[in-house]
Amino acid sequence: MSKKEYFIEEESLGVKKVSRRDILKTAGVGGVGILIGASGIGSMLSIKEGKASSAKDVVSFYGKHQSGITTKPQNHVYFATLDVTTSSKEDLITLFKEWTHAAASMSEGKPIGELTSNEFLPPKDTGEAEGLSASNLTITFGVGPSLFVKDNQDRFGLKLKQPMELVDLPAFSLDALEEEWTGGDLCIQACADDMQVAFHAVRNLIRIARGKAVLRWAQPGFQRTKQADAKEGTPRNLFGFKDGTVNPDVKSEKQMNEHVWVQPGDGPNWLQNGSYLVVRRIQMFIEVWDRTNLKEQENTFGRYRDTGAPFGQKNEFDKLDIHHKQPNGEDTIPVDSHVRLSHGDGSQQILRRGYSYSNGMDLKTGSFDAGLLFLSFQRSPSKQFIPIQKRLSSMDKLNEYISHRGSALFACLPGTKNGGFIGETLFT
Amino acid sequence: MKLLKVSGSLLLSSSLLFGCTNSDENSAKETVKDTKNITSDSLSGVTDEYRKYAIGEIEEFVKATEAFTTAVKNGDVDNAKALYATSRVHYERAEPIAEVFGDLDPKIDAREGDVLEAEWGGYHRIEKGLWVENTTTGYEQYAEQLMKDVNLLRAKVDTVEVTPDLLITGAVDLLNEVSTSKVTGEEDRYSHTDLFDFAANVEGADKIFQLLNPALKEKNEDLSTEIQTRFDTVFSLLNKHKIDGGYKIYTDLSEAEVKELSQAIDALAEPLSQIGIVTEAL
């Protein structure tokens with residue numbers, strides 16, 4: 001939310017229209033009300049206006065595209081991949097239908113399924129999101145290459161529908177992938193401004209999948225919250241640097257069609273209006289980083305930590321000038337810096353939507369197990385993510401401080417209308 | 001595991017309604033599906049049948065424990081080891097009944113740490129002696145006490161009132177037992193014969209399912225088929241680990257095999273937990 005919108009919302013809640021006297025009357029506490037500070041008034045009003053504000057944090061599940069891609073990143077993610085255990089295509093279709101129904105319900109802040117008075121049954125909905133707002137929950141589903149062909153088997157008669165682009169990512173130098181964080185037949189990206197809401201969504205979807213698919217790996221993630229950063233500037237990663245400054249404009253349909261949404265002619269028709277999701281679980285050696293001097297840290301990124309501005313510039317969004325030279329002839333932006341390598345010639349753009357993660361302590365080393373759950377959406381992995389990552393993996397100075405532990409690629413299905421289901425273009 | 005006393009026919013649950021009042025108009029004014037519950041009478045054939053099954057298992061358990069404790073008292077380590085796992089399966093199959101006796105269950109089946117060291121006896125105490133110390137010496141009194149407790153269990157079992165909810169809760173509880181202690185290999189931590197217990201719990205749950213299945217089919221044929229399929233999957237996975245008429249030791253399973261078993265149990269227990277619909281009138 002921009003600063004401007006923020007004030008408009010305050011006004012709509014009536015903060016400026018309600019007199020102090022009215023507030024005290026409503027509160028019914030007389031003199032004691034003096035103790036109620038601005039935040040107290042705010043929260044009282046928000047209870048009164050609860051309905052209006054809760055409708056605001058609903059992102060519709062239905063649409064031409066799936067939500068959770070161009071949706072402004074929420075505070076939290078719960079990401080999960082699954083292995084399909086059924087061998088029946090019918091089961092798979094049923095699963096996607098049930099998922100669609102449940103996801104649409106949860107996106108509106110509603111529980112799953114009808115309540116029953118039979119005490120001998122477990123409740124349909126697990127209940128931990130009861131009474132919570134929708135929290136801008138979005139649920140995004142994807143299918144991995146192994147859903148089509150695994151061990152040379154055409155598992156569900158879908159082989160002919162497998163897009164050329166939907167294959168395992170190539171091995172990049174310095175990759176240290178671990179089986180336990182890699183791959184998956186299906187994925188669920190649940191994002192919400194409340195972690196309990198995001199977890200609830202994934203938990204219930206996995207529950208629905210029981211007998212048809214099982215969890216393969218899962219990773220929760222976080223960003224600074226909207227509460228902590230009312231200006232909603234570019235989030236900082238766990239190295240303290242702004243991450244996500246250069247992203248295509250999600251409000252521009254032209255840019256999204258160019259860089260994110262699969263277009264007619266790109267591949268099989270069923271994926272039109274969908275996208276490709278690259279997931280990388282990137283461990284960050286934060287203890288090592290913490291003993292690296294500021295100059296070295298900034299040289300690694302090619303940006304100033306404080307402002308996020310590229311070297312040689314003042315402001316975060318100032319243009320990156322890779323040809324700029326120092327008076328002594330050296331490149332202003334080091335050739336092995338992260339921004340320079342990821343920028344390349346500027347022709348490849350991806351929509352990054354990453355989150356930090358912290359999984360407690362690495363039992364082997366006693367260090368933090370923390371890093372970046374890198375999530376990026378693109379129209380063509382082979383033309384966008386892969387060339388960028390090839391440059392980074394070979395000479396990025398940042399590689400001293402990170403290690404790619406997990407990786408997966410998914411085709412994110414197109415959206416669906418009310419009455420349809422996610423994946424219908426693939427299955428029918 | 002918790003067991004409710006059956007209330008015959010149920011009224012609309014107030015706790016479910018409470019859940020509703022908390023949500024505002026935006027979040028689903030779900031209609032509560034009002035179900036009339038049939039009385040336990042219509043399932044009385046089933047409960048009688050289960051009672052026979054459970055008493056039969058406990059009787060087998062008495063005999064097997066007799067042989068096991070005799071071997072311990074005779075100092076026959078090898079024979080005691082050979083009888084340990086196969087004796088327990090009868091208890092594990094009938095666990096929903098056995099667990100009704102909250103005082104006897106820990107005396108017979110407590111694991112180290114479940115009770116105070118001074119009070120710890122029963123099967124697992126002897127298991128530790130057999131596998132860790134490779135001896136029966138000093139364990140004779142535990143064998144003596146175990147036999148007494150098992151005989152007492154047999155006597156008390158006749159008094160158990162078998163109700164439909166004991167079955168409904170019991171079936172899922174058996175699988176929950178598997179999920180929480182057998183899958184982790186914590187049950188038979190010295191002998192690693194967990195797969196025997198594991199299989200017996202599943203067999204006990206299957207028995208309940210088979211008994212309730214005719215009533216379930218009338219309510220929901222698909223659910224019945226699904227549960228049957230999932231049982232088949234679990235049994236076929238267990239069969240892969242059969243060896244010499246018994247099961248492999250648990251530590252011989254790979255991490256992937258343990259995970260596969262665990263996820264198959266989840267896949268079975270989830271639909272099985274819906275079995276409570278048999279209490280609803282058609």
Side-chain angles (χ1 to χ4, degrees), chain A residues 47-58 82-88 91 94 104-135 137 179-180 197 204 206-217, chain B residues 4 6-7 10-38 163-165 167-169 172 219 222 226-227 229-230 233 255-256 259-260 262-281:
Chain A
I47 290 164
K48 242 176 97 189
E49 308 266 331
K51 263 178 274 167
S53 70
S54 68
K56 261 182 213 162
D57 63 11
V58 171
L82 299 92
D83 286 330
V84 174
T85 51
T86 181
S87 49
S88 144
D91 275 359
T94 306
S105 232
M106 292 190 288
S107 298
E108 287 174 46
K110 293 178 185 169
I112 293 169
E114 58 182 2
L115 292 174
T116 163
S117 63
N118 188 338
E119 283 187 324
F120 293 141
L121 294 179
K124 279 260 182 338
D125 187 284
T126 55
E128 73 270 30
E130 181 66 45
L132 303 180
S133 80
S135 307
L137 173 69
E179 178 70 16
E180 62 195 281
V197 169
N204 281 273
I206 296 292
R207 183 185 185 193
I208 289 169
R210 282 197 187 126
K212 302 186 182 85
V214 293
L215 260 182
R216 181 182 175 89
W217 60 273
Chain B
L4 303 157
V6 77
S7 52
L10 285 167
L11 292 173
L12 204 63
S13 153
S14 59
S15 60
L16 282 169
L17 287 172
F18 178 73
C20 256
T21 54
N22 258 348
S23 57
D24 62 32
E25 281 88 330
N26 276 329
S27 76
K29 275 288 95 171
E30 318 80 8
T31 43
V32 175
K33 187 177 145 213
D34 189 4
T35 56
K36 267 216 197 92
N37 290 81
I38 52 175
T163 57
D165 82 324
L167 265 60
I168 289 161
T169 321
V172 176
K219 302 279 181 346
D222 288 350
E226 188 184 355
I227 296 172
T229 311
R230 305 272 172 257
T233 306
E255 275 180 33
K259 189 165 135 192
E260 187 180 40
S262 170
Q263 290 182 321
I265 290 288
D266 283 342
L268 164 62
E270 190 68 37
L272 189 66
S273 70
Q274 299 299 312
I275 206 170
I277 63 169
V278 295
T279 61
E280 293 170 13

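Quick note on labels: first sequence line is chain A, next is B, and so on, each numbered from 1.
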- request: Identify the heavy atoms of A:Leu121 and B:Glu280 that sit nearest to each other, and give their distance.
  value: CD1-OE2, 3.8 Å
message: Could you check whether atom NZ of A:Lys124 has more than 12 heavy atoms from other residues, nucleotides or ligands sitting under 6.0 Å from it?
response: no
field: Shortest non-hydrogen separation from B:Ile168 to A:Phe120 and the atoms involved
entry: CG2-O, 4.1 Å
- prompt: Looking at side-chain heavy atoms only, is the closest gap between A:Asp83 and B:Gln263 below 4.5 Å?
  reply: no
Identify each donor-acceptor pair in which a side-chain atom of residues 266-274 of chain B lies under 3.5 Å from a protein atom, sequence neighbours left out, and give them as a table.
unit_1   : atom_1 : unit_2   : atom_2 : d
B:Glu270 : OE1    : A:Arg210 : NH1    : 2.8
B:Glu270 : OE2    : A:Arg207 : NE     : 2.5
B:Glu270 : OE2    : A:Arg207 : NH2    : 3.2
B:Ser273 : OG     : B:Glu270 : O      : 2.6

message: Testing the basics here: between A:Asn118 and B:Ile277, what is the closest heavy-atom pair and its distance to 0.1 Å?
response: ND2-CA, 3.9 Å
